[in-house]
Colleague: 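The structure's right below; bear with me while I get my questions together.
This structure is a prediction, so every number in the text was calculated from the model and none was measured. Because only heavy atoms are used, hydrogens play no part in the values below, and waters and symmetry mates are left out as well, while side chains stay in. We count ligands from 1, going down the list as the structure has it; atoms in each ligand are counted the same way.
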Amino acid sequence: MDQSRIRNFCIIAHIDHGKSTLADRLLEATGTLTSREMQAQVLDSMDLERERGITIKSHAIRMPYTAPDGEKYVLNLIDTPGHVDFTYEVSRALNACEGAILVVDAAQGIEAQTISNLYLAIGQDLEIIPVLNKVDLPSAQPELVAQSITDLIGGDPDDVLHVSAKTGVGVDKVLERIVERVPPPTGDPKAPLQALIFDSTFDTYRGSVVYVRVKEGTLRKGDAIEFMATHARYNAEEIGHLKLKMAPVQELGPGEVGYVIGSVKDVADTRVGDTVTHQRRGASEQLPGYRDVKPMVFSGIYPTDSNDFEDLRAALEKLQLNDAALTYEPETSAALGFGFRVGFLGMLHMEVVQERLDREFGLDIVTTMPNVRYTVELTDDNHTEVENPSDMPDPGSIKEIREPYVKAEIITPTEYVGALMGLCQDRRGTYVTQEYLTTDRVNLKYELPLAEIVFDFYDKLKSLSRGYASFDYEFIEERASKLVKLDVMLNGDTVDALSTIVHREKAYDMGRKLSQKLRELIPRQLFDVAIQAALGNKVIARETVKALRKDVTAKCYGGDISRKRKLLEKQKEGKKRMKQVGAVEVPQEAFLAVLSME
Ligand code: GDP
Ligand code: MG
């Protein structure tokens, strides 16, 4: 295929700015899909994605395009996941492209993910095509927003395309601009093969379906191939183009985007970011940028009914087939019995997995408080990684505890800056800088411990800014912090699943609030339940759930729709999930008590 006729691009945007809608319009305008085939947002294929209007897994689609001058092109649209948890995957998808359409909602303006995605795209040297979307909205401020975009990326505000993905206005111009501005791919068809894996899915019958962008060389049907990072070897039994369905072809040359199927039974072999090459006369080097993605957030997942342990294992195994970033290991909790310590890329990923376990597998699960991974330097000069707070070594043997830190960007109208700085300060944040995007919008930069933002930071940020602030973050490094393990005892027994790691200065306050919250959450029983919070052997707070009498009133719960509340609501749905901890009946909410503390 003539490379000068290929354009590989992606669409980047803040959530809800219209990326999926614009993708639909492009498919329609190029005749890749007829309006009849058109189902709103075809690219968001997973049910969960559709419901939430977010793209979790990226996909690609090949569109034939005839320019107004009659010249024919092939446009490959590579869809990128739209959430901060998947930054690495986004960066690999971008690496498969030469250009990016930067979509900005003309009424909302630039938001946190606009900027974080833009930086990623610039980092990959992509040609950026700015597009103002939703110009049909009466509240649109195209001139102002166009100006703030060109302030960021340079260029002339008059050059920014005005589009309504809803009505279709301006969509043709987007296609023309792609052909004009996005550079065609380069690459030598005779060079050793280097094809970038930017995504993969799993098919029960055919194994892994690997999505690739050929950078150098030519991949032919039947070739003996190797995945360079994992050294896994297979035959390229089928290769093809990604139309709405997979369309087999005989070869994929440099610059082309397509799929490879090779009876790959283990998804762990097909890592996003890895390079596919030939077994014989293969490339000597992998394409740059490959990273072994490590989970950042961990939580215990236990079956409510211990008989469901094997079902839970089978479900996690299945989920992992489609989701190589998901990790799990069996663990035992004195309180909860047999379960798994599950690792996630971030909070959204965690929520998605919990929801799929519930929805697709019908499992009743109890989840524990999410936590980050700690690196602990021991006094004997060894070090250990702690993914479960209850595994934290004895304080006497600890020299230093390090925790992950992130760089956060918060974009907010100026009036909320004070409140949001207060929030960051409260979460042990270090102020870095602030930059004005327009006269009334600020990009506020902080460094924060990941542990302080994993659960309710986003909800707090939204409520403090009446929904106007947006937020994105990126892992930077591990830093030493003064951390301690806070234990909870019920009637004198430490409940391992309730242990958390907190900053020393917050421990007392936290212990008090946590015990108060647990007193509210643990139902009254036939005997008094003593709740104690302790640091080592030292009890720092105590509450009692009084024994049951006749006048018990039902608890009522509020209807807040924030993410943390939704998580809690989720846990309350269906059967009342109770775990027997010693003699005490403990509801699921109690294991997430920290989430519902004010
Ligand atoms: P994504 O999160 O970036 O993929 O955004 P979507 O494509 O899902 O769009 C978010 C919302 O904005 C949906 O309700 C769309 O119908 C709406 N939307 C998208 N483009 C336009 C547009 O040009 N005009 C208007 N009025 N609404 C739009
Ligand atoms: Mg979308």
Colleague: Using 30° and 60° as the class boundaries, would you call the ring planes of His349 and Phe344 parallel, tilted or perpendicular?
Modeller: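 His349 vs Phe344 ring planes: perpendicular.
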Colleague: Within a distance under 4.0 Å of any heavy atom of Ala165, pick out the atoms of ligand 1 and give their elements.
Modeller: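 So the atoms of ligand 1 that pass are 20 (N), 22 (C), 23 (O).
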Colleague: Could you tell me the separation between the CG atom of Asp16 and the OG1 atom of Thr21, rounded to the nearest 0.5 Å?
Modeller: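 Taking CG in Asp16 and OG1 in Thr21, the distance rounds to 9.0 Å.
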Colleague: Using a 4.0 Å cut-off to any heavy atom of Leu137, which atoms of ligand 1 qualify?
Modeller: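 In order of number, 26 (N).
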Colleague: Run down the list Val135, Asp136, Asp79 and name the one with the heavy atom closest to atom 24 (N) of ligand 1.
Modeller: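 Heavy atom nearest to atom 24 (N) of ligand 1 belongs to Asp136.
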Colleague: Kindly compute the distance separating CD1 (Ile78) from CD1 (Ile61), expressed to the nearest 0.5 Å.
Modeller: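 Answer rounded to 0.5 Å: 12.0 Å.
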Colleague: Applying a 4.0 Å heavy-atom criterion (strictly less than), which segment of Lys166 is in contact with ligand 1: side chain, backbone, both, or neither?
Modeller: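 Both backbone and side chain.
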Colleague: Tell me the contacting part of Ala13 for ligand 1: side chain, backbone, both, or neither, using a 4.0 Å heavy-atom threshold, strictly below.
Modeller: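 Neither part.
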Colleague: Evaluate Gly18 for polar contact with ligand 1, using N/O atom pairs at a separation under 3.5 Å.
Modeller: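 Right, the criterion is met.
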Colleague: Which residue from Val169, Val171, Thr21, Ile11 reaches closest to atom 16 (O) of ligand 1 through any of its heavy atoms?
Modeller: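 Minimum heavy-atom distance to atom 16 (O) of ligand 1 goes to Thr21.
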Colleague: Taking atom NZ of Lys462 as the centre, report whether more than 12 heavy atoms of other residues, nucleotides or ligands fall under 6.0 Å from it.
Modeller: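 For Lys462, atom NZ is crowded (more than 12 foreign heavy atoms under 6.0 Å).
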Colleague: Looking at Lys318 and Glu360, is there a salt bridge between them, counting it only when a charged N and a carboxylate O are closer than 4.0 Å?
Modeller: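 Looking at Lys318 together with Glu360, the answer is no, because their closest N to O distance does not fall below 4.0 Å.
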Colleague: If we check salt bridge (Lys or Arg N to Asp or Glu O under 4.0 Å) with Glu98, which of these qualifies: Arg213, Lys215, Arg181?
Modeller: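 When Arg213, Lys215, Arg181 are each tested with Glu98, the salt bridge (Lys or Arg N to Asp or Glu O under 4.0 Å) holds only for Arg213.
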Colleague: Apply the test side chain to side chain donor-acceptor pair (under 3.5 Å) to residues Gln147 and Asp151: give CA-CA distance (whole Å), side-chain angles for both, the deciding distance (0.1 Å), then the verdict.
Modeller: CA-CA 6 Å; Gln147 182 64 53; Asp151 284 350; 3.0 Å; yes
Colleague: Counting each atom of ligand 1 from 1 as listed, which ones have a heavy atom of Asp16 under 4.0 Å away?
Modeller: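 Ligand 1 atoms under the 4.0 Å threshold to Asp16: 1 (P), 2 (O), 3 (O), 5 (O), 10 (C), 12 (O).
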Colleague: Using a 3.5 Å cut-off on N or O atoms only, is Leu22 in polar contact with ligand 1?
Modeller: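 No, Leu22 has no N/O under 3.5 Å of an N/O on ligand 1.
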